[in-house]
Asks: 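Sharing a structure below in structure tokens format, with a few things to ask.
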Amino acid sequence: MSGMRLRFPPSPTGRIHIGNMRTALFNWLWARKNKGTLVLRIEDTDLERSTKEFEDIILKELEWLGLDVDEGVGVGGEYGPYRQSERIEIYREYADRLLDEGKAYYCFCSPEELDKMREEAAGRGEMPRYNRKCRDLPREKAEELIREGKNPVIRFKTPIEDREIIVNDLIRGKVSINTDVLDDFVIFKSDGMPTYNFAVVIDDALMKITQVIRGEDHLSNTPKQILIYEALGFDIPEFAHLPLILDENKAKLKKRSDSDAVYIGEYREKGYLPEALFNFLALLGWSAKDDQEIMTREEIISQFDISDINKSSAVFDIEKLNWMNGKYIREADLDRIVSISIPYLEKAGYISGDLSDEEYKWLRRVIEVIRNKVDYLSQIPEEAELFFRELEYENRDEAIEEFRGENVELVFKSLKEKLAALEEFNPETINEIFKEMRKELPVKPRTIFHPTRVALTGMNSGPDLNHVIYILGIEETERRLDEALKLTHT
Ligand code: GLU
């Protein structure tokens with residue numbers, strides 16, 4: 001292991017979003033590339049919104065995508081505990097140190113007073129912020145108020161004199177922020193919990209994190225965090241802020257309606273493969289030198305470089321994900337695809353209980369064919385529906401008309417004979433039959449294919465006929481062809 005230490009610190013306040021997973025993935029890739037250590041910390045100081053259930057979901061989704069961590073929740077390590085709710089005393093200790101050194105202060109202003117301050121500042125055309133009323137309140141006075149039962153917050157003393165804080169971002173280069181836009185921000189809330197900006201610094205410092213890679217939405221927090229690092233004399237890690245992920249309309253990717261899928265779990269549930277999402281997420285903000293798109297994990301790890309990440313936002317292109325996923329589905333081990341597809345077919349009521357060997361073999365054929373038609377596996381039942389029901393003509397009169405066509409009987413007879421004579425029964429050999437028929441029979445290709453399709457599927461369009469026959473089997477194919485011919489005599 002190299003000395004590089006990275007972290008992924010999700011808040012368990014919801015299911016894990018595409019954006020968070022991309023952040024986790026980039027940390028993971030950079031850690032693997034550099035033989036570094038990836039730490040998983042759970043940031044659960046928002047007690048009302050954090051749940052164990054969401055924490056479990058996060059762990060499960062990371063595992064599903066194959067992002068193993070080296071240290072932290074679920075793994076352990078020497079810098080624990082790794083759940084922020086178990087570290088409150090540690091944060092308090094450092095807050096006390098800042099209070100003792102005059103670098104932080106108690107503030108007793110009520111929410112109403114704070115609102116008024118904001119309004120007044122806005123009235124003067126200034127940035128709404130805290131007016132530092134309690135900044136010079138003597139410590140003894142503050143402690144007296146606490147003894148009387150008041151619950152203050154603790155604020156950080158942001159330097160009053162103007163100062164440029166430079167963030168040396170690994171992606172963006174130098175980003176400079178003037179302290180005059182910063183407030184005396186709260187580091188401990190009146191409920192006794194630290195704020196994000198405070199806890200994250202203490203943890204990153206004590207867990208010896210060397211590089212902080214996170215979303216661009218945190219860039220405005222970084223100067224505040226740098227001030228805390230400085231005030232406590234901690235080494236400042238390097239920072240990299242990842243570009244935002246936008247939707248097709250160039251708006252921030254978020255759930256606007258139930259049909260928008262923004263959580264990783266939603267993609268898993270729809271039947272996207274983890275390796276496809278892994279590949280797709282890696283290309284959200286990063287690209288390989290030769291613009292290669294389909295890449296294995298190993299290829300991505302070996303090519304990935306944090307300094308190659310784009311500064312501009314990445315666009316979440318669902319068409320591209322679908323294309324990629326379809327490609328992975330077609331190339332994956334067939335039995336694996338069958339096993340992922342079975343729950344969808346069960347849910348659709350097409351199969352139930354344990355399958356016999358025969359049934360499994362048949363299902364495997366169906367999926368072998370249908371997987372060419374889908375972008376994700378929950379589409380399997382819809383595409384395969386035809387094979388799970390009795391034959392039904394979409395339009396009976398039109399079908400009969402079709403079967404009465406010239407030479408149709410000849411086509412059906414020839415097909416039956418050739419099928420019966422086949423030595424090996426598979427989509428390729430069946431395809432050969434159709435090729436021969438086109439050569440041998442005195443009919444147009446349409447007369448071969450269309451009546452056969454209607455006879456076998458009842459429909460005007462659908463999967464390739466060689467595949468349909470492969471799934472139906474010879475007996476059922478013959479039965480359906482005979483059935484069609486019978487109809488011509490009614
Ligand atoms: N818990 C924070 C979040 O999920 C972590 C941000 C950070 O990486 O510092 O947004």
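When a ligand or atom number is given, it counts from 1 through the structure's own listing order. Below, each value reflects all heavy atoms present in this structure, side chains not excepted, and no hydrogens, waters or symmetry copies.
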Asks: Pairs under 3.5 Å, N/O atoms on ligand 1 and on the protein: can you put them in a table with the distances?
Replies:
residue: ligand 1; atom: 1 (N); partner: Pro9; partner atom: O; Å: 2.8
residue: ligand 1; atom: 1 (N); partner: Ser11; partner atom: OG; Å: 2.9
residue: ligand 1; atom: 1 (N); partner: Glu43; partner atom: OE1; Å: 2.7
residue: ligand 1; atom: 8 (O); partner: Arg7; partner atom: NH1; Å: 2.7
residue: ligand 1; atom: 8 (O); partner: Arg7; partner atom: NH2; Å: 3.3
residue: ligand 1; atom: 9 (O); partner: Arg7; partner atom: NH2; Å: 2.8
residue: ligand 1; atom: 9 (O); partner: Tyr196; partner atom: OH; Å: 2.6
residue: ligand 1; atom: 9 (O); partner: Arg214; partner atom: NH1; Å: 2.9
residue: ligand 1; atom: 10 (O); partner: His218; partner atom: NE2; Å: 2.9

Asks: Hey, can you tell me if Phe278 and Trp28 have their rings parallel, tilted or perpendicular (30° and 60° cut-offs)?
Replies: perpendicular
Asks: Can you tell me how the ring of Tyr106 sits relative to the ring of Phe108, calling it parallel under 30°, perpendicular over 60° and tilted otherwise?
Replies: tilted
Asks: Is the shortest side-chain N to carboxylate O distance from Lys157 to Asp184 below 4.0 Å?
Replies: no
Asks: Residues two or more places apart in sequence or in another chain: which of them pass side-chain contact (heavy atoms from CB on, under 4.5 Å) with Glu269?
Replies: Arg15
Asks: Ring of Phe188, cation from Arg92 - is the NZ or CZ under 6.0 Å from the centre and inside 45° of the axis?
Replies: yes
Asks: Do Lys270 and Tyr376 form a cation-pi contact, if we require the NZ or CZ to be under 6.0 Å from the six-membered ring centre and within 45 degrees of the ring's axis?
Replies: yes
